[in-house]
Structure formats: C-alpha cells, structure tokens
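Data block below; observations after.
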Protein chains: 2
Amino acid sequence: MLPVVTPINERARPRRRNRTRQRQRLLEILRSTDCHPTAASLYEAVRVDSPRLSLGTVYRNLDVLASDGEIEAVPCTDGAVRYDGNVEPHHHFICDRCDEIEDLELSLPRGLAARLRREHGLTPCRVRIDFSGLCRECTDLLPNPT
Amino acid sequence: MLPVVTPINERARPRRRNRTRQRQRLLEILRSTDCHPTAASLYEAVRVDSPRLSLGTVYRNLDVLASDGEIEAVPCTDGAVRYDGNVEPHHHFICDRCDEIEDLELSLPRGLAARLRREHGLTPCRVRIDFSGLCRECTDLLPNPT
DNA sequence: TCCAAAAATAGGAATAATTCGCAAAAATTC
DNA sequence: GAATTTTTGCGAATTATTCCTATTTTTGGA
Ligand SMILES: [Mn+2]
Ligand SMILES: [Mn+2]
Ligand SMILES: [Zn+2]
Ligand SMILES: [Zn+2]
C-alpha cells in the first residue's frame, strides 16, 4: 500500500546531518570528475586512502547525498546505477558499446512540460533525455561504416 | 576488454528460433496491455495457466524477445526493469510516487539527432525521453497543492 | 574541555534480482 | 519417427543492494 502523500525523494531525515569524512570524500570525487561512477568504483577510489571504508557506507551516503540533492543517481540502460556530481539540469548520451556516459548541454524541448500538464494532466518535475548509440571512439572503431 | 565491434543487441543466436508456448504467451501478454510489467509479474501471469513455467525461462525469453526487437526493456528510475510490448517509437512518463509508466505520443525534439552527429560526433540510434513527476492520480491525492 | 545525545560507521548477514549449468523435454527437419 | 538443435525446468551461483547492530564519531551545550 502506497502512502497517500510521499514527498518526492524525502525520506525520514535525522534532525541534523553530521559532517563525515566518508560522505565528504564521495561528494568531492563526484564533483571533481565528469565521469559517472558506480557505487563500486567510488568504493575502490575512496578505499585507496581510507581502507576501512565499508561498501554499505558508500551506498548509504550516496542515498543521503541524492536525497539532499547534492548528487544525482543515473539509472543506465544496462541496469547499472551511476552517480553524477553535476546536478545542473543536463542530459546524457550513453554509448551502447562501452557504456560511457557523456554529458550533453542541450536546450530542453521547449514547452513540453507545459503541454504535458495541459493535455495529459501530468505534473512533470524532471525530464531526462537519454540518447544512446555509439560514442565518437566507438564509432571510429567500426571497420565499415555502412 | 571490450570486443572491437559489438553489433548492438546482437548476441550469438541459435541457428533457428523455435516457437514455444512460453515465449508466445509472454509476447501475447505484452502486446495485449499498455502496462509495462516486470519479469516477476509476467511470471505470475503466465503461471496461472502454466504452473510449470520457471522464472529462468521468463528472463531468458524476455532477453530473446528484446534482442529480436519484438519487445523493449525499459529500465526505470528505481532500478527496476520493465517490459514493453509496444515497439513503436514513443516515450514515457514515470510517476515518482506509484511508479506507473504511461506512454507518451510526443513528437521528438526536431533535429536533435542531426545536431548530435554534427556537433558532438555522436551517432545516436535511439532517444529515450523519460518524464518523471506525479501522474494524474497521484497529483489528485495531494491535499494542498502549494 | 568534557558530556550526553544523535548520527554514522564497519562488518557481516540477509534479500532480491538475475544469470548459469545441465539433464530432460519439446520443436523442427528430413 | 529418428536425428538434431533449441528450449525448458530446476536448483545453484552470482551480483547488487539493503538491513542489522554494536561501536565510533560528530556535535552542541554545560
Ligand atoms: Mn551527467
Ligand atoms: Mn511504453
Ligand atoms: Zn563508446
Ligand atoms: Zn502515480
């Protein structure tokens, strides 16, 4: 049974949020790259300096950061979840071959949200456009571009 | 190590493809609804008539149907994978509260694919636009539309 | 600076979704 | 209908993620 009203992305929060080295490091890494790492690769990255880090903490903190709007979870076509330190509205190109995710600065389809509300009774709060196909590198690998 | 060229969605196929009751039933169900069921719910649905069906067979056949282009896998924001019997190009509205998926017949952003190729060197073969927010039903449940 | 309360952690167990391996069954071709 | 190939059911294995809990860390106030 679904709750009558579930404010989006809002789980029961603790009164305050402590500053922990683990959480800060994750955010730092995510902000310093334009890659879209997985939980596992973030785990590896942080463990170089802090080998005591546990994987559960990574998942917990990624959830926390995401519900605080500090990062964004990007569910990929192959079922994997990747994380994005760039919370500015933008879209993605996901390569079908190497699964790399590339940020796209593209203007949103104009007026689509308004049309959705007017014509469909839908209240969109986010639009995610994923283009998939072959990235530049993978395109170049193809022997015979038919 | 990635293979140099991986034709998209093409795995090693058997020489021929047999017609099996299990596979046909799955396709039948997916074509007869505009819902986007999960593997588990398809399993339940088929098992009403064929209790011997195994879950592995469901997953195997969904993969087969998807690589044959008969159905489409829809990875959702919550990490779940849903399946779509409608392979005509269309987009989705995914409700943040009830996770229902609604088909959207919306014209594609014009010229975006061409721009991607020209300006970014990307070769898109598919564009997926997921709108998320609240569906009509869930919008109506909100007590105070602020 | 020390304390008490709350929040977060490590580590491990538990879950859930999906995949794999294989002998038996079903489908197809001849 | 026999031979060949595909597919199935079943259970085990894998993977990603979540849950549990005792311990540690953080924090705001005395
Ligand atoms: Mn991004
Ligand atoms: Mn659909
Ligand atoms: Zn690529
Ligand atoms: Zn809804």
Side-chain angles (χ1 to χ4, degrees), chain A residues 9-29 36-68 70-83 99, chain B residues 9-30 36-68 70-84 99:
Chain A
N9 270 340
E10 187 170 322
R11 60 190 63 196
R13 298 194 176 187
R15 292 199 219 302
R16 56 163 179 270
R17 197 137 265 177
N18 288 349
R19 241 196 253 124
T20 72
R21 203 172 299 110
Q22 293 89 333
R23 184 142 66 227
Q24 281 202 296
R25 189 79 190 91
L26 286 170
L27 184 53
E28 203 174 284
I29 295 178
H36 300 74
T38 60
S41 69
L42 288 165
Y43 176 59
E44 290 307 324
V46 179
R47 253 156 74 91
V48 171
D49 297 313
S50 319
R52 310 270 329 265
L53 177 78
S54 86
L55 190 51
T57 299
V58 173
Y59 279 108
R60 208 181 319 111
N61 277 318
L62 290 172
D63 278 356
V64 165
L65 290 170
S67 28
D68 287 356
E70 307 255 45
I71 66 174
E72 206 160 309
V74 182
C76 297
T77 324
D78 63 346
V81 177
R82 289 162 166 272
Y83 295 87
D99 293 318
Chain B
N9 270 340
E10 185 170 322
R11 62 189 60 196
R13 298 193 175 185
R15 294 200 218 302
R16 58 163 178 266
R17 200 136 264 175
N18 289 348
R19 242 197 251 125
T20 71
R21 202 171 301 107
Q22 292 90 333
R23 184 143 65 227
Q24 282 203 297
R25 191 79 190 89
L26 285 171
L27 184 53
E28 201 174 286
I29 294 178
L30 281 170
H36 299 74
T38 61
S41 70
L42 287 164
Y43 175 60
E44 289 309 323
V46 179
R47 253 156 75 90
V48 172
D49 296 312
S50 319
R52 311 272 328 266
L53 178 77
S54 86
L55 190 51
T57 298
V58 172
Y59 279 109
R60 212 179 313 113
N61 277 320
L62 290 173
D63 277 356
V64 165
L65 290 170
S67 29
D68 287 356
E70 307 255 44
I71 67 174
E72 207 159 310
V74 182
C76 296
T77 323
D78 64 344
V81 177
R82 291 163 164 270
Y83 294 88
D84 194 338
D99 293 318

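Below, read A as the first sequence line, B as the second, and so on, with proteins coming before strands; counting in each chain starts at 1.
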Next item on the list: Indicate yes or no: at least one non-hydrogen side-chain atom of A:Gln22 is less than 4.5 angstrom from one of A:Arg25.
Entry: no
Check: Can you tell which of B:Asp84, B:Asn61, B:Leu27 makes a side chain to side chain contact (heavy atoms under 4.5 Å, CB included) with B:Ile71?
Finding: B:Leu27
Next item on the list: Measure from CG on B:Asp63 to P on C:dT18 and round the result to the nearest Å.
Entry: 10 Å
Next item on the list: Would you kindly give the CG-to-C1' distance between A:Leu62 and D:dA16, to the nearest whole Å?
Entry: 13 Å
Next item on the list: Between B:Thr57 and A:Gly56, just flag the one whose closest nucleotide in DNA chain D comes earlier from the 5' side.
Entry: B:Thr57
Check: Do the side-chain N or O atoms of A:Arg52 get closer than 4.0 angstrom to the phosphate oxygens (OP1, OP2) of C:dG11?
Finding: yes
Check: Taking atom C1' of D:dT25 as reference, at what distance in whole Å does atom CZ of A:Arg21 sit?
Finding: 9 Å
Next item on the list: Take the protein atom CZ of B:Arg16 and the nucleotide atom C1' of C:dA26, then report the distance between them rounded to whole Å.
Entry: 11 Å
Notebook entry, point to check: Taking atom P of C:dA7 as reference, at what distance in whole Å does atom CG of A:Asp68 sit?
Noted result: 14 Å
Next item on the list: Give the rounded distance in Å between these two atoms: OH of A:Tyr59 and P of D:dT17.
Entry: 3 Å
Checklist line | Atom pair CD/CZ of B:Glu28 and B:Arg21 - distance to nearest 0.5 Å | finding: 12.0 Å
Checklist line | Presence of B:Gln22 side-chain N/O under 4.0 Å of D:dG9 phosphate oxygens OP1/OP2 | finding: yes
Checklist line | Phosphate contact (C:dA7 OP1 or OP2) by A:Thr20 side-chain N/O below 4.0 Å | finding: no
Check: D:dT8 phosphate, OP1 or OP2: any side-chain N/O from B:Arg60 under 4.0 angstrom?
Finding: yes
Margin query: Expressed as a whole number of angstroms, how long is the span from A:Gln24:CD to D:dT25:P?
Written below: 16 Å
Check: Taking B:Arg82 for the side chain and B:His36 for the main chain, is one N or O donor matched with an acceptor at less than 3.5 Å?
Finding: yes
Checklist line | Which residue lies more 5' along DNA chain D, comparing A:Leu55 with B:Asn61 via nearest heavy atoms | finding: B:Asn61
Notebook entry, point to check: Mapping B:Arg19 and A:Leu53 to their closest nucleotides on DNA chain C, which lands nearer the 5' end?
Noted result: A:Leu53
Notebook entry, point to check: Is the shortest heavy-atom distance from the side chain of A:Leu42 to the side chain of A:Leu62 under 4.5 Å?
Noted result: yes
Next item on the list: Nearest whole angstrom, please: distance from the P of D:dT26 to the CG of A:Asn18.
Entry: 8 Å
